[in-house]
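What follows is one structure encoded as structure tokens, with my remarks underneath.
Positions are given from 1, in the same order as the sequence printed here.
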Amino acid sequence: MAKRRTANLDIRPVLVRKGAVRINMIKTLAAQIKEFKKASVLTPIFMIMEVVFETLIPLLMASIIDDGVEAGDMRHIYIVGGLMVGAALCGLFCGVMGGKYGARASTGFARNLRKAMFDNIQTFSFSNLDKFSTAGLVTRLTTDVTNVQQAYQMLLRICFRAPISMICAMSMAFMINARLASIYMVALVLLAVVLFIIVNRAMKYFQMAFPKYDELNASVQENVSAIRVVKAYVREDYETSKLKKASQAIYDIFLKAEKNVVLNMPVMQFTVYTCILLISWMGARMIVQNELTTGALMSLMAYCMNILMSLMMVAMIFVMMSMSIASARRISEVLNEKSNLTNPVNPVYEVTSGDIEFKNVEFSYYEDKSKAVLHDINLKIKAGETVGILGGTGSSKTSLVNLISRLYDVSAGSVMVGGRDVREYDMESLRNQVAVVLQKNVLFSGTILDNLRWGDANATEEECKRVCRLACADEFIEKLPEGYNTYIEQGGTNVSGGQKQRLCIARALLKKPKILILDDSTSAVDTATDARIRKAFAEEIPETTKLIIAQRVSSVQNADHIIVMEDGRINGYGTHEELLESNEIYREVYESQTSGGGDFDEKAGEE
């Protein structure tokens, strides 16, 4: 007894936690009903009214048979028949209105869920985004929302209609004849137990299925976005087999679930036919013995079908809810995710200058500080300076510059911009003054002007042309048939890598930033064009602080200072001439590249 009591005490907190999580999930989703509360209330009201009218029809039918047909009273038949038609029309109207408001409530709810998720995703920091895969977020915004939408519509309509219909039909059956109605009660209990077992077994498979959609979407997304690489390496068969494997995993899980759910129908049919046979046999005997009228028996048969069909609808609700719970949980995860980067209580809105200072900075992508990627960074950069950053792959060059625009927060120390800690600024104001051209350049579907105006939505065409001249992008744009109105395909697939880089640089310049960060963003540009871009920067935006991450020494050798990164630490800092004398890593890379070697990651003498 003591052991059993201890076990119960151990389980109870777990159940409480699960219940609290589920309640929180429901509150999170319910908050998105918003302006569709009226439709959500009217739907079950109309469904209940429909059930009431449907319940009256068998009773009126019994009256027609017993008091009209058997008594030969045509007046009674006409009157009650008219009431039946009226009840049917009223039931039809209520059903139509219930469907109308149910569709409005569920589709509106789905719309609000998608918008709320998308809006919240826009607030995520990079570390928040790292928790979710791109394919996972797409699945949540599409498949999961659709599942919840269908479940919500079913909840408003069937979840109210089925139980009320069952209760009303059962009540009317007992009013007519309690002895025969008890058959329904026994069948109802037995059927409820069987259906509970079936649904409970199917539920675990539905919960396993939806994470598999992430894998399927990831496979499709990766294949479509990299289709040129797939074809270049003749990997179509491999990609097809990968997709087939992901699809097969979903198929196998749903097959196991459906094998359980499909048992609903034969069990239901067996129960219905058994009830019909028993009621017909017992009812016929009672009619012969004058204990029951023919009309009453007909009504009982009708109520039998109402009761059992209502129970089947309840079973469908359980199946749909089991599918939607997994989706609802995934949606609420996105809605409840809070950005770990927030504005201070009284943020600073003005960035006075492009001065940058790192003070004893440590940074880790994880909570475990032992996995830090930046160590003991101390650095001062004056406004208007051009600073080059060199380092091998994985030396944390990008991690360093990401801290300036507060895409991540430091784990220790502080990053100062314009004499203030970046955590004191309004994030939007700070990022408007720090333009970043990332390693992976992204263009969006639209014209060249549309893409450039991401930097400044109100920029004139002349301003766009000016920054394109600075980025040396004008020379290829003007050769295009439609010039600046040339349409860019999604991802910029109809321009070359170097052209894409120059457009992204121009887009960043249009922000008129105090700090410009080029993260290896001229790697696809020839050295002559690279030199012209750097010359234009020096002449046209002298007051802008420029940070240039590069693999080519030629891209940064004329910078005011050069930082050499190694294993998340500053290995060297100085001018080109100073580093040639004092820094072995820089000297080796310079000699390697000037003697016909490769980029920063290739050591001198290596092939």
| said: Would you say Ser399 and Tyr408 are linked by a side-chain donor-acceptor pair, where the criterion is simply a distance under 3.5 Å? | reply: no
| query | What are the two closest non-hydrogen atoms of Ser327 and Asp144, and how far apart are they? | reply | OG-OD1, 2.8 Å
| query | Hey, mind stepping through Ile331 and Val145 against side chain to side chain contact (heavy atoms under 4.5 Å, CB included) and telling me if it holds? | reply | CA-CA 7 Å; Ile331 291 170; Val145 171; 3.9 Å; yes
| task | May I ask you to check whether Ser429 and Asn432 show a side-chain donor-acceptor distance below 3.5 Å? | result | no
| Which atom pair, heavy atoms only, marks the closest approach of Asn128 to Asn340? | OD1-N, 3.2 Å
| message | Treating Ser411 as the side-chain partner and Ser364 as the backbone partner, does any N or O pair qualify as donor plus acceptor under 3.5 Å? | response | yes
| task | Would you sort out whether Arg507 and Cys504 count as a side chain to side chain contact (heavy atoms under 4.5 Å, CB included), showing the intermediate values? | result | CA-CA 5 Å; Arg507 181 174 63 190; Cys504 290; 3.6 Å; yes
| task | Give a yes or no on whether Asn346 atom CG has more than 12 heavy-atom contacts from other residues, nucleotides or ligands under 6.0 Å away. | result | no
| query | Under 3.5 Å, is there a donor-acceptor pair between the side chain of Arg431 and the main chain of Ser405? | reply | yes
| field | Nearest-0.5 Å distance that lies between atom CG in Asn336 and atom OG1 in Thr28 | value | 3.5 Å
| With no hydrogens and no angle check, is any side-chain donor or acceptor of Asn120 less than 3.5 Å from a backbone partner on Val334? | yes
| said: Rounded at 0.5 Å granularity, tell me how far CZ in Phe109 sits from CG in Leu156. | reply: 9.5 Å
| field | Stepwise side chain to side chain contact (heavy atoms under 4.5 Å, CB included) test for Val401 and Lys397 | value | CA-CA 7 Å; Val401 297; Lys397 305 183 295 296; over 6 Å; no
| Whether Arg453 side chain and Ala459 backbone form a donor-acceptor pair below 3.5 Å | yes
| field | Note, Arg329 side chain near Glu333 side chain (heavy atom, < 4.5 Å) | value | yes
| query | Can you check whether Val422 reaches Leu430 side chain to side chain, under 4.5 Å on heavy atoms? | reply | yes
| query | Heavy atoms, side chains only, cut-off 4.5 Å: are Ile505 and Val467 in contact? | reply | no
| Does a side-chain N-to-carboxylate-O contact under 4.0 Å join Lys242 and Glu239? | yes
| Test item: Arg140 side-chain N/O and Arg330 main-chain N/O as donor-acceptor pair under 3.5 Å | yes
| So, for Ala116 and Gln32, which heavy atoms are closest and what is the spacing to 0.1 Å? | CB-OE1, 3.4 Å
| message | Within the 4.5 Å heavy-atom criterion, are Tyr101 and Ile45 side-chain neighbours or not? | response | no
| message | Take a 6.0 Å sphere around CD of Glu428 and say whether it holds more than 12 heavy atoms from other residues, nucleotides or ligands. | response | no
| request: Look at atom OH of Tyr365 and say whether more than 12 heavy atoms of other residues, nucleotides or ligands are closer to it than 6.0 Å. | output: yes
| For the residue pair Asn147 and Ser324, what are the closest heavy atoms and their distance? | O-CB, 4.0 Å
| Is there a donor-acceptor pair closer than 3.5 Å between any side-chain N or O of Ser414 and the backbone N or O of Asp421? | no
| field | Arg406/Asp409 ion pair, N-O < 4.0 Å | value | yes
| request: Would you indicate whether Lys34, at its atom NZ, is surrounded by more than 12 heavy atoms from other residues, nucleotides or ligands within a distance under 6.0 Å? | output: yes
| task | Kindly say whether Val373 contributes a backbone atom to a donor-acceptor pair with the side chain of Ser396 at under 3.5 angstrom? | result | yes
| task | Could you grab the distance from atom CD1 of Ile325 to atom OG of Ser332, nearest 0.5 Å is fine? | result | 11.5 Å
| How far apart are the closest heavy atoms of Tyr152 and Ser106, and which atoms are they? | CD2-CA, 3.8 Å
| message | Does any part of the side chain of Ile164, heavy atoms only, come nearer than 4.5 Å to the side chain of Val52, both counted from C-beta? | response | no
| Any idea which heavy atoms bring Ile57 and Ala87 closest together, and the distance? | CG1-CB, 4.1 Å
| What orientation do Phe93 and Phe46 show, parallel under 30°, tilted 30 to 60°, or perpendicular over 60°? | perpendicular
| Under 3.5 Å donor-acceptor, Tyr425 side chain and Val417 backbone | yes
| said: To the closest 0.5 Å, what do you measure between CD (Glu54) and SG (Cys168)? | reply: 10.5 Å
| request: Can you measure from CG (Leu341) to CZ (Arg423) and round to the nearest 0.5 angstrom? | output: 10.5 Å
| task | Just do the side chain to side chain contact (heavy atoms under 4.5 Å, CB included) check on Phe36 and Asn112 with the steps written out, would you? | result | CA-CA 10 Å; Phe36 298 99; Asn112 288 347; 3.8 Å; yes
| query | In terms of side-chain geometry, is the basic nitrogen of Glu463 or Lys512 positioned less than 4.0 Å from the acidic oxygen of its partner? | reply | yes
| message | Please check this pair: side chain of Thr43 against backbone of Ser40, looking for a donor-acceptor N/O pair closer than 3.5 Å. | response | no
| remark: When rounded to the nearest 0.5 Å, the distance separating CD1 of Ile23 from NZ of Lys27 is 7.0 Å
| Side chain proximity check, Phe118 to Lys115, heavy atoms < 4.5 angstrom | no
| message | So Thr146 and Arg114, do their side chains get closer than 4.5 Å, heavy atoms only? | response | yes
| request: Side-chain contact test, heavy atoms from C-beta onward, threshold under 4.5 Å: evaluate it for Val351 versus Ile515 and give yes or no. | output: no
